[in-house]
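A quick write-up on the structure given underneath.
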Amino acid sequence: MKLVERNERSDISGIHNDRNFDLSKAVHINPDRGVMNKYWVYNDEYHKKFIDIEKEFYEENFGEYLSNQERRLKENHNYSKIKNVNDYLKGRYTKPEDKILQIGNSISHIDGELLWKIANDYQKRFNDMFGDNCKIIDMALHMDELVPHVHIRRVWMATNDYGEKVVSQTKALNELGINRPNMSKESSRNNNAKMTFSKIERELLFEICKEHGLELDKKPNKENDIHIRIDLIRERTVNNELEKIIDKKNELENELEESEQYLNSFEYILSNILITSTYWQEEIKKTKKLDLTKRAKALKDIYEKTIVSAMEQLEKNKINIDLFNIRDIVNAKAKELDLIKFIKENGLYENYLAEHELREYNQIRDKENKNDREDKVK
């Protein structure tokens with residue numbers, strides 16, 4: 001069997017990892033096996049959600065920098081670059097890195113109990129070795145999917161020129177004294193400090209696995225590795241859609257809290273437009289003849305246009321309307337935006353995944369063929 005590991009700053013989040021979302025939205029998850037999942041957090045506060053623990057970690061460690069940076073930017077009238085803790089937690093280069101650890105594939109793999117022991121040993125040694133600059137903040141063993149795997153969330157930390165703690169992988173590796181493989185050449189995609197770090201980390205994992213009685217195949221097998229990566233595509237596909245829905249739902253909840261009656265009136269008018277308007281009903285019917293991608297876009301366009309119409313009516317009428325249940329409205333709007341649910345209901349989910357997997361497979365294959373050609377030239 002092979003050791004499979006991926007380091008990503010994708011849309012995966014603590015919400016996905018500790019399963020604090022509606023599992024009916026993810027068909028790749030078996031809720032009946034959820035009781036077998038295991039979780040770990042750095043501060044032992046297991047009563048809290050991962051997303052809250054991660055936010056608190058960012059506030060404690062990077063709050064000073066964000067506050068001082070805001071003051072510096074305001075002094076220079078550079079307001080567009082000001083970030084709060086939520087911005088920093090979700091930023092492309094500042095969000096936690098999500099490491100996926102898996103041993104084997106969908107055909108043959110180790111059991112979850114052994115994988116969790118390996119992950120815990122790894123966490124302890126990793127934090128001893130790199131914890132000042134790369135801190136593991138939470139882990140989750142998922143037994144409710146096709147292959148047992150562990151999500152390990154970690155944050156790269158370093159000190160900036162002002163003496164403040166910031167998120168920076170490059171500076172963190174520099175502070176750890178880890179250099180690129182070939183110091184005689186400039187840093188590049190094929191010659192950087194992260195490559196050296198990954199090699200050290202991988203050797204650590206092989207050592208831990210050996211201590212647990214596992215002799216893993218270290219020889220790279222590109223074709224097999226491609227298929228192992230595809231085992232994770234189903235999860236990432238749904239995660240990306242889920243994150244968008246959750247963000248939209250949170251955004252709507254904040255808007256509703258600010259102006260409850262105004263937005264409920266808006267919902268009432270919007271519903272009337274969609275239900276009673278012959279024009280929009282005909283437009284919706286027309287989309288049924290389109291393929292999946294075009295239909296999703298067409299429905300989104302219709303929804304956005306009716307929102308504009310509803311806003312215009314609301315501004316004109318300013319009428320008093322009985323309040324509706326806030327949570328029901330938010331959940332209803334989230335469902336309207338749920339592309340995965342739409343795909344499932346129309347019996348197109350497997351086709352959607354098949355197209356996605358094929359596209360991903362071809363991208364990986366083309367990329368590795370290109371690297372092979374470059375190596376031959378060298």
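If you're wondering where the values come from, they're calculated on a predicted model, not measured in any experiment.
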request  = List the steps and the verdict of salt bridge (Lys or Arg N to Asp or Glu O under 4.0 Å) for Asp144 and Arg19.
outcome  = CA-CA 10 Å; Asp144 51 5; Arg19 297 303 196 233; 2.7 Å; yes

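- Between the side chains of Asn174 and Asn179, no donor-acceptor pair is found at a separation under 3.5 Å.
- For the atom pair CZ of Arg154 and CG of Asn133, the computed distance is 12.5 Å after rounding to the nearest 0.5 Å.
- Tyr42 is not listed as a side-chain neighbour of Asp138, based on a closest heavy-atom distance of 4.5 Å or more.
- With no hydrogens or angles considered, no side-chain donor-acceptor pair links His142 and Asn37 at under 3.5 Å.
- No side-chain heavy atom of Lys194 sits less than 4.5 Å from a side-chain heavy atom of Thr170.
- Arg153 has its side chain out of reach of Lys99: every pair of non-hydrogen atoms, C-beta onward, lies at least 4.5 Å apart.
- No side-chain heavy atom of Asn17 sits under 4.5 Å from any side-chain heavy atom of Tyr39.
- Considering only heavy atoms from C-beta on, Pro96 comes within 4.5 Å of Glu54 through its side chain.
- A salt bridge does not link Glu186 to Arg180: none of the charged side-chain nitrogens sits closer than 4.0 Å to a carboxylate oxygen.
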Scan the side chains in residues 78-85 for donor-acceptor partners under 3.5 Å anywhere in the protein, sequence neighbours excluded, and list what turns up.
| residue | atom | partner | partner atom | Å |
| --- | --- | --- | --- | --- |
| Asn84 | OD1 | Asn86 | N | 3.0 |
| Asn84 | OD1 | Asp87 | N | 2.8 |

Pair Glu70, Lys74 - check salt bridge (Lys or Arg N to Asp or Glu O under 4.0 Å), show working.
CA-CA 6 Å; Glu70 180 179 355; Lys74 284 181 177 178; 3.0 Å; yes

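- Tested against Asn127, the residues Arg125, Gln123, Lys124 include a single side chain to side chain donor-acceptor pair (under 3.5 Å) partner, Gln123.
- Interatomic distance, CG of Leu3 versus SG of Cys209, reported as 5.5 Å (0.5 Å rounding).
- Looking at residues two or more places apart in sequence or on another chain, you find a ring-ring contact (aromatic ring centres under 6.0 Å, His included) between Phe62 and Tyr58, Tyr88.
- Nearest approach of Met36 to Leu141, heavy atoms of both residues: O-CD2, 4.4 Å.
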Exercise for the section: Determine, step by step, whether Tyr162 and Tyr65 satisfy the side chain to side chain contact (heavy atoms under 4.5 Å, CB included) criterion, reporting the C-alpha distance in whole Å, the side-chain angles of both residues, the deciding distance to 0.1 Å, and the verdict. Expected result: CA-CA 9 Å; Tyr162 296 99; Tyr65 159 71; over 6 Å; no

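- The CG atom of Leu115 sits 8.5 Å away from the CE atom of Met143 when rounded to the nearest 0.5 Å.
- Taking both residues in full, the closest heavy atoms of Asn192 and Pro181 are given as O-CD, 3.3 Å, listed atom of the first, atom of the second, then distance.
- For Asn68, the side chain to side chain contact (heavy atoms under 4.5 Å, CB included) partners are Glu64, Arg71, Arg72, Glu164, not counting sequence neighbours.
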Intermediate values then yes/no, salt bridge (Lys or Arg N to Asp or Glu O under 4.0 Å), Lys48 and Glu45
CA-CA 6 Å; Lys48 294 182 179 179; Glu45 295 185 351; 2.7 Å; yes

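- Ion pair Lys171/Glu175 not flagged as a salt bridge, since none of the NZ, NE, NH1 or NH2 atoms sits closer than 4.0 Å to an Asp/Glu carboxylate oxygen.
- The two residues Ala158 and Ser168 make their nearest non-hydrogen contact at CB-O, 4.2 Å.
- We find the CG-CD1 distance between Leu205 and Ile200 to be 12.5 Å, quoted to the nearest 0.5 Å.
- Looking at His212 and Asp121, their side chains do bring a donor and an acceptor atom within 3.5 Å of each other.
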Q.
Please evaluate residues Met157 and Val167 with respect to the criterion side chain to side chain contact (heavy atoms under 4.5 Å, CB included), reporting the C-alpha separation (whole Å), side-chain torsions for both, the decisive distance (0.1 Å), and the verdict.
A. CA-CA 5 Å; Met157 303 183 294; Val167 179; 5.6 Å; no

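- Electrostatic pairing of Lys55 and Glu60 does not count as a salt bridge here, judged by no charged N lying under 4.0 Å from a carboxylate O.
- Put simply, CE on Met183 and CG on Asn191 are 8.5 Å apart, with the number rounded to the nearest 0.5 Å.
- Side-chain contact check for Ser188 and Asn190: no donor-acceptor pair (N or O, by modelled atom type) lies under 3.5 Å.
- Checked against the 6.0 Å centroid criterion, the rings of Phe197 and Trp156 qualify as a close aromatic pair.
- You'll find the side chain of Ile53 stays beyond 4.5 Å of the side chain of Ile137, heavy atoms only.
- Contact of the Glu145 side chain with the Arg33 side chain is not registered, since no non-hydrogen atoms from C-beta on lie closer than 4.5 Å.
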